[in-house]
Amino acid sequence: MTTLLEFKQVSKQYGADTRALSNVNFTVKQGEFVSIIGPSGAGKSTLLRCINRMIDASGGEIMFEDSNIMGLNKRGLKQLRSQIGMVFQHYNLVDRLSVIENVLHGRLGYKSTLEGVLGLYSKEEKRRAYTILKTLGLEEQIYKRCDQLSGGQKQRVGIARALVQDPKMLLCDEPIASLDPNASIIIMNHLRDICTTMGITVIVNLHQVEVALKYSDRILGVNKGSVIYDGPPAGIKREQLTRIYGSEIEEHIGELEKQHAG
Amino acid sequence: MQDNFFARKRINTLLFCFLMLVITMVSIIATDYDVIRGFTSIPKAAEWAFGNFYPNEKALSRLPDIVNSLIETLLVSIASTIVAAIFALLFAIAGSHTTGMGGLISWISRSIATLFRNIDVAAWSMILLLSFGQNVLTGYFALFFGSFGFLTRAFTESIDEVSNSSVEALRATGAGYWSIIAHSVIPSSIPQLLSWILFMIETNIRQATLIGILTGTGIGFLFSLYYKSLNYNSASMVVIVIVCAIIVIESVSNYVRKVIM
Ligand SMILES: Nc1ncnc2c1ncn2[C@@H]1O[C@H](COP(=O)(O)OP(=O)(O)OP(=O)(O)O)[C@@H](O)[C@H]1O
Ligand SMILES: [Mg+2]
């Protein structure tokens, strides 16, 4: 398998004294499902957003498909972002627009200014959006306004918007943090499915350790801006969790033991 | 301690009332205002109004004239509001935190809007009277400048309030700046924007009447004309027509608001 993404000595400094990432190194192979876990404020969201330059890293190199994305110009950045889908904790849909319109927003990265402003989508693009919505079980909601959907349905619209980009990679920032357990399972199954059957690389920030262990090919444990653990889920034991979570450890160990028992 | 607390509060209240009383007395004395005559003249004023300030048959025959100038006033208000709204939207987009280009451009557009907002419409029409004279254009531009300042501020706040998260999502798909405006900012904030525009039209119709007196145009001018020529019957007709127009406009815009929200 080829390497899709590589972080080399990446760091991120907010202002004078907040070091959100320091000397982060890791690689992600094509088709991998990677979860990033770590306590609140560890730098998970920052790390994820450095990949599509929603946040600019302060130092190091980020290689996407063997080219350094740190030096991209405006045009290159647009192209990079159109190849990377993003899924958010709060879905970030335009609530007043219909499901299908929100999904088609995923194509805007491929449009010229005029096409984009006018929203000129081809027949092919619309058909593709429809197919994706069908796969995600949203056939009946296509023309509904997004503010009429449940949280789980909204998140599936968010995923559809990312998929219609035909992305090489999906970045998900706490995709299930606002959902109930059932909706969470549906979303995680879809993400896993996208990775396995479509071959799209998925990187997910997660708060729930047990979910991360269950679905991932690999885990990145982050604490205070450094990668503490980089390896398979099987390698995560009580000791590793202590190092990743520090003082927050107890609640996560509880989860871990529940899972081993179940 | 507790007793003391309540006692102090009571003393404060008493002190406040006493102060108000003193201020009122001083003002009455300073302005030579006769309180008793002030109140006894209210019935007399009402009597006069009922005796003179009502439409008669002759006033009714002036109705077409009155309606014509009302329409002129309405059109000027609506036109100035709409044009101001277009400019305000551009400035609001440039000045907002979510969509702004940041830095100098944002600062400039916010400053211009603040400047325009803080000059009252009446002041604008005085200023513009000098350059345009007694002309419809004077009223039009006065309303335009006033609405522009107010709407820019209102639009900026609506945009900032509403569209933060979806703007982030569209940026992440690689969408360009204008695409984001067209597909996220505008759709998210359109009900608020329309609501502000309707509010502005209502306000402007009221203002236009006043400005008309200054600039000698529209229904305001007609009112001052009748009034100064002691034709109170026709003047009262004008007032009734204005009130009716405002009621109609308000109910229409309330209806529109309900539909778009
Ligand atoms: N825009 C910003 N300006 C300044 N500091 C920031 C900014 N964004 C994040 N930080 C800081 O950087 C650190 C990492 O934040 P980040 O959001 O990446 O954490 P996280 O791991 O995603 O946390 P959570 O699990 O709570 O979402 C935190 O200390 C945070 O306070
Ligand atoms: Mg986060």
Basic-acidic side-chain contact under 4.0 Å: [X], [Y]:
X	Y	value
A:Arg127	A:Glu124	yes
A:Arg49	B:Glu168	yes
A:Lys44	A:Asp173	no
A:Glu125	A:Lys111	yes

- request: Against chain B, work out which of A:Lys78, A:Glu115, A:Lys74 has the most heavy-atom pairs shorter than 4.5 Å and name it.
  value: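 Most heavy-atom pairs under 4.5 Å with chain B: A:Lys78.
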- request: Report the option among A:Glu101, A:Met86, A:His105 that has the most heavy-atom pairs separated by less than 4.5 Å from atoms of chain B.
  value: A:His105
- prompt: Does anything in residues 128-155 of chain B pair up under side chain to side chain donor-acceptor pair (under 3.5 Å), and if so which pairs, sequence neighbours excluded?
  reply: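 Qualifying pairs: B:Ser147-B:Asn204, B:Arg153-B:Glu157.
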query: Where on B:Ala182 is there a heavy atom nearer than 4.5 Å to chain A: the side chain, the backbone, both, or neither?
result: side chain
What part of [X] gets within 4.5 angstrom of chain B, counting heavy atoms only: side chain, backbone, both, or neither?
X	answer
A:Leu93	backbone
A:Arg53	neither
A:His90	neither
A:Leu114	neither
A:Asp95	neither
A:Arg107	neither

query: Judged by modelled atom types alone, do A:Asn189 and A:Arg192 share a side-chain donor-acceptor pair under 3.5 Å?
result: no
Non-hydrogen side-chain atoms of A:Glu139 and A:Leu133 separated by less than 4.5 Å: no
message: I want to check something: taking the side chain as every heavy atom from C-beta on, are A:Val34 and A:Val202 in contact at a cut-off of under 4.5 Å?
response: no
query: Between A:Lys134 and A:Glu140, is a salt bridge (charged side-chain N to carboxylate O under 4.0 Å, His left out) present by the stated rule, with each step listed?
result: CA-CA 9 Å; A:Lys134 213 164 129 184; A:Glu140 281 158 29; over 6 Å; no
Within residues 190-198 of chain B, residues adjacent to chain A where the heavy-atom gap is under 4.5 Å: B:Ile190, B:Pro191
task: Give me the one residue out of B:Phe116, B:Phe150, B:Phe141 that meets ring pair (Phe, Tyr, Trp, His ring centres under 6.0 Å) with B:Trp124.
output: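 By the ring pair (Phe, Tyr, Trp, His ring centres under 6.0 Å) criterion, B:Trp124 pairs with just one of B:Phe116, B:Phe150, B:Phe141: B:Phe116.
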